[in-house]
Structure formats: structure tokens, C-alpha cells
2 protein chains.
Amino acid sequence: MTSYITLLKKSGLKATFQRLHILEVVDKYGHMTIDEIYDKVIKVHPSLSVATIYKNIIIMVEKGVLVEVPIMGRKPKYELSKLDHIHMVCTQCGEVEDLACTKEMNQILETLTKEVHFMLVKQQFNLYGICSHCQSKNVVQK
Amino acid sequence: MTSYITLLKKSGLKATFQRLHILEVVDKYGHMTIDEIYDKVIKVHPSLSVATIYKNIIIMVEKGVLVEVPIMGRKPKYELSKLDHIHMVCTQCGEVEDLACTKEMNQILETLTKEVHFMLVKQQFNLYGICSHCQSKNVVQK
DNA sequence: CTTCATGCAAAAAATTTGCATTTTG
DNA sequence: CAAAATGCAAATTTTTTGCATGAAG
């Protein structure tokens, strides 16, 4: 908790309970949509208003505390800022899992973008498929 | 034009003027948001309704004719289906350019996902940065 | 005690739906 | 012709805004 406070203050934001709860929930679940965050936070803080969620997500993304993870065919999710990594999106259950980027990949991308004079700042990789959990569920059901 | 007709019919969709215009516009500009598509198509087909745009984007994505390209902090764009490739998104002008995937990258991803038992079906890579065009504009302005 | 954040309600924007009419194959 | 698609208007859903009140530093 105390680390979230530091994080917010470093970013020039006041450490309100609403923000702390949002960060806690996002951290705990890894990747969440706005309404998933709202549903979770309202349980521990029933007076929370949707407007506050929206305002906070927006400002925390602006300040770099959160990162928006856009996903094909679904609502975007949000995660805590961390080193660039790969997202494995399960097209069945919608869950997102992280995978570390390899050094080789980063080098390849650096080379490729340099060739076309694109000033690379950030990368987002989404892999779509079926997660191991859904795969085993599918086998059982058949 | 005639190839779009074939494409639609192969996908089990009737080749209406509305759909042909949508495909033409998306093909011409590469990557477009729903309202960009609407704005362009309405010029050649003024009676077009927004509902038709939505219905068609949805069904053409379902049928695999179009692909949704989700983008951090912006509305999703749509493109014609083609081999997986990398998107370079300019954070300044919002334009999206394509970059071919390399064989090495695909192999790395295959290995990585196999390790964690993720059944990989499709990939989407977004690189965010400043396109060469905006870079030169920026220099001039300073 | 000043600045910033919240919550509420209203407004605006984006998307979806139902249905009568038209178009396509 | 039958099936599918369109256009319109209304209904939902999602997001944004303004402002009075309350909390944080």
C-alpha cells in the first residue's frame, strides 16, 4: 500500500483511497477493463462513482502509472506500468497473461525500425490464442 | 472492385455497394477508424447510415474480411485481412504504417508460446513512436 | 487553508436494436 | 421470389463534463 502512495506522489497525484484501491485491484488481477475495476473497487468502497474511475484511469495513464492494453474485439484493459512485455490474450476466456520479451526480439525490432526511420518509443505485442487452462477445459468437455 | 465482390461472396456476404465502398476506402487508406470510414464512404454514398457501417464492420470482421487493429489511447482501426505484420503507430499524427514480420521473430514467438502451452493463433504487434514524416515536421517547426 | 479530487446528475458520444422497405442472388 | 441488407429512429451503453462538497498535503 505504502508503495502505491509513493508511486502516486512521485507522479504528482494525491494518494486518495479511490486511487489506492484502483491500483491494488489492477495489481492483484493483472489486467482489467474499466468496468471490471469499477465492480471490484465498489465492493470495498461502495460510494465510488463511475466518473471517478474514468477520471483516475485517464490521469493515471497520462502520468504513466497505468498502461492501456488495447485488445482486438474487446474492451481495453489496464495494467501497472512495467517493462515492455508480450500479452497472451485468450480468445476464449479473455484473460491476459504476460510473457517476457527476449533480447533478440528487441534487437530485431530496433534494426527494422531504424531502417525505416521510425523513432521507436514503446512496443505492445498481443498474441491471440487459447490459454492452457481453456485447452484443458475444452478437452474435458468433449 | 471485382475482387472485392469475389472476396465478399467467398465469405458468404452479399456484395452491396455499401460494403464495396467500405472495402475500397479501407484498402485505399490502409487503416481507418469507424468514423473515418463513415466520413469517406458517405461522400460517395450519401444515403449511407451509421448503423450500416457498424453492422458491416462487425460482420466483415466476423467473416475475416476485415481485421480490427486495437491501438493504445485511440479508437481501433480496421484493415483488410492479410498476413500478420507489425504496425508502427505514430503517437503524434496517429497514422499507422505496416512493417513485415521477420521469420526469426515468428520462430522466437513460436518457441516461447510452446513453452507455456499457449496455442498461438494470431499476433498483433504495435510499435509506438514518431514516424519519419512527423520527425521532419518537428525539426522544421523548431 | 489551498489545491486537488470526489460524487452526483446531466450531457454528449458511441454503439446496438427492431422493423419496415429495398436490394441481391 | 426468398434471403439478406439497408436506413431510420429509438434505445442502450459508454464516456465526459460541470459544479458543489469534501479530503489531502
Side-chain angles (χ1 to χ4, degrees), chain A residues 1-25 32-63 65-66 68-78, chain B residues 1-2 4-25 32-63 65-66 68-78 94:
Chain A
M1 335 274 111
T2 182
S3 70
Y4 298 140
I5 297 180
T6 316
L7 175 60
L8 287 168
K9 292 197 181 162
K10 268 199 311 187
S11 311
L13 298 173
K14 288 188 176 171
T16 63
F17 287 111
Q18 290 82 343
R19 286 178 186 158
L20 294 174
H21 284 137
I22 291 173
L23 293 178
E24 245 169 51
V25 162
M32 302 194 82
T33 62
I34 289 199
D35 49 291
E36 284 167 352
I37 296 170
Y38 180 69
D39 290 349
K40 288 292 179 193
V41 177
I42 210 172
K43 282 183 185 154
V44 299
H45 194 117
S47 72
L48 181 88
S49 107
V50 214
T52 299
I53 289 279
Y54 276 99
K55 286 172 186 167
N56 279 323
I57 299 288
I58 291 168
I59 201 168
M60 290 197 281
V61 167
E62 249 172 48
K63 299 292 184 178
V65 177
L66 292 179
E68 184 190 313
V69 181
I71 299 173
M72 194 176 59
R74 295 182 183 265
K75 295 190 195 154
K77 302 201 177 202
Y78 296 86
Chain B
M1 336 278 112
T2 182
Y4 297 140
I5 297 180
T6 317
L7 175 60
L8 287 169
K9 292 197 180 160
K10 266 200 311 188
S11 311
L13 298 173
K14 289 189 175 173
T16 64
F17 286 111
Q18 290 84 340
R19 285 177 185 160
L20 294 174
H21 285 137
I22 291 174
L23 293 177
E24 246 169 50
V25 161
M32 304 195 81
T33 62
I34 290 200
D35 48 291
E36 284 166 351
I37 296 170
Y38 180 70
D39 290 349
K40 289 292 180 194
V41 177
I42 209 170
K43 283 184 185 154
V44 300
H45 194 117
S47 72
L48 181 88
S49 107
V50 214
T52 300
I53 290 277
Y54 277 99
K55 286 172 185 167
N56 277 323
I57 299 288
I58 291 168
I59 201 169
M60 289 196 282
V61 166
E62 249 173 48
K63 299 291 183 179
V65 176
L66 293 179
E68 185 190 314
V69 181
I71 299 173
M72 193 177 59
R74 296 181 182 266
K75 295 187 195 158
K77 301 202 177 202
Y78 296 87

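Within every chain, numbering begins at 1; the chains are lettered A, B, ... in the order of the sequence lines, protein sequences first and strands thereafter.
Residue Ile42(A) contributes atom CD1, which lies 14 Å from atom P of dT6(C) at whole-angstrom precision. One interatomic measurement links the two molecules: CG of Asp35(A) to C1' of dT13(D), which rounds to 11 Å at whole-angstrom precision. Protein atom CD1 of Ile57(A) is 11 Å distant from nucleotide atom P of dT16(D), rounded to whole Å. Across the protein-nucleic acid pair, Asp39(A) atom CG and dT14(D) atom C1' stand 14 Å apart, rounded to whole Å. If you measure from atom CE of Met60(B) to atom C1' of dA4(D), you get 15 Å, rounded to the nearest angstrom. Spacing between atom CZ of Arg74(B) and atom C1' of dT15(D) amounts to 18 Å, rounded to whole angstrom units. Rounded to whole Å, the distance from NZ on Lys14(A) to P on dA23(D) is 12 Å. Between the P atom of dT12(D) and the OH atom of Tyr54(B) lies a distance of 18 Å, rounded to the nearest Å.
End-to-end axis angle of the helix from dC1(C)-dG25(D) to dG25(C)-dC1(D), using five pairs per end and rounding to 10°, comes to 50°.
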Could you list, one pair per line, each protein nitrogen or oxygen that sits under 3.5 Å from a nitrogen or oxygen of nucleotides 20-22 of chain D, together with the distance?
none

Quick test: give all pairs of protein nitrogen or oxygen and nucleotides 6-10 of chain D nitrogen or oxygen below 3.5 Å, distance rounded to 0.1 Å.
from, atom 1, to, atom 2, distance (Å)
dT6(D), OP1, Thr16(B), OG1, 2.9
dT6(D), OP1, Asn56(B), ND2, 3.2
dT6(D), OP2, Asn56(B), OD1, 3.3
dT6(D), OP2, Asn56(B), ND2, 3.2
dT6(D), O3', Gln18(B), NE2, 2.8
dG7(D), OP1, Gln18(B), NE2, 3.3
dG7(D), OP1, Ser47(B), O, 3.3
dG7(D), OP1, Ser47(B), OG, 3.1
dG7(D), OP2, Ser49(B), N, 3.3
dG7(D), OP2, Thr52(B), OG1, 3.1
dG7(D), O6, Lys55(B), NZ, 2.7

Show me the donor-acceptor pairs within less than 3.5 Å that the side chains of residues 12-20 of chain A make with the rest of the protein, sequence neighbours left out.
from, atom 1, to, atom 2, distance (Å)
Thr16(A), OG1, Arg19(A), N, 3.2
Arg19(A), NE, Asn56(A), OD1, 2.7
Arg19(A), NH1, Lys14(A), O, 2.9
Arg19(A), NH2, Asn56(A), OD1, 3.2

Derivation of the side chain to side chain contact (heavy atoms under 4.5 Å, CB included) call for Glu36(B) and Thr33(B): CA-CA 5 Å; Glu36(B) 284 166 351; Thr33(B) 62; 3.2 Å; yes

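Distance check: Met60(A) CE to Ile22(A) CD1 gives 4.0 Å after rounding to the nearest 0.5 Å. To the nearest 0.5 angstrom, Ile37(A) atom CD1 is 3.5 Å from Ile57(A) atom CD1.
Not one N or O on the side chain of Thr52(A) forms a donor-acceptor pair closer than 3.5 Å with the backbone of Leu48(A).
In this structure, Ile34(A) reaches neither bases nor backbone, as no heavy-atom distance under 4.0 Å exists between it and the strands shown.
Looking at residues two or more places apart in sequence or on another chain, you find a side-chain contact (heavy atoms from CB on, under 4.5 Å) between Val44(A) and His21(A). Under the salt bridge (charged side-chain N to carboxylate O under 4.0 Å, His left out) criterion, Lys75(B) pairs with Asp35(B), sequence neighbours left out. Annotation: side-chain contact (heavy atoms from CB on, under 4.5 Å) contacts of Pro70(A) (sequence neighbours excluded): Glu68(A), Gln124(A), Pro70(B), Met72(B), Tyr128(B).
The shortest non-hydrogen separation linking Tyr78(B) to Ile34(B) is CE1-CG1, 3.6 Å.
Between Leu23(B) and Leu66(B), some side-chain heavy-atom pair lies under the 4.5 Å cut-off.
Sorted by first and then second residue, the salt bridge (charged side-chain N to carboxylate O under 4.0 Å, His left out) pairs with a member in residues 48-63 of chain B form an empty list; sequence neighbours excluded.
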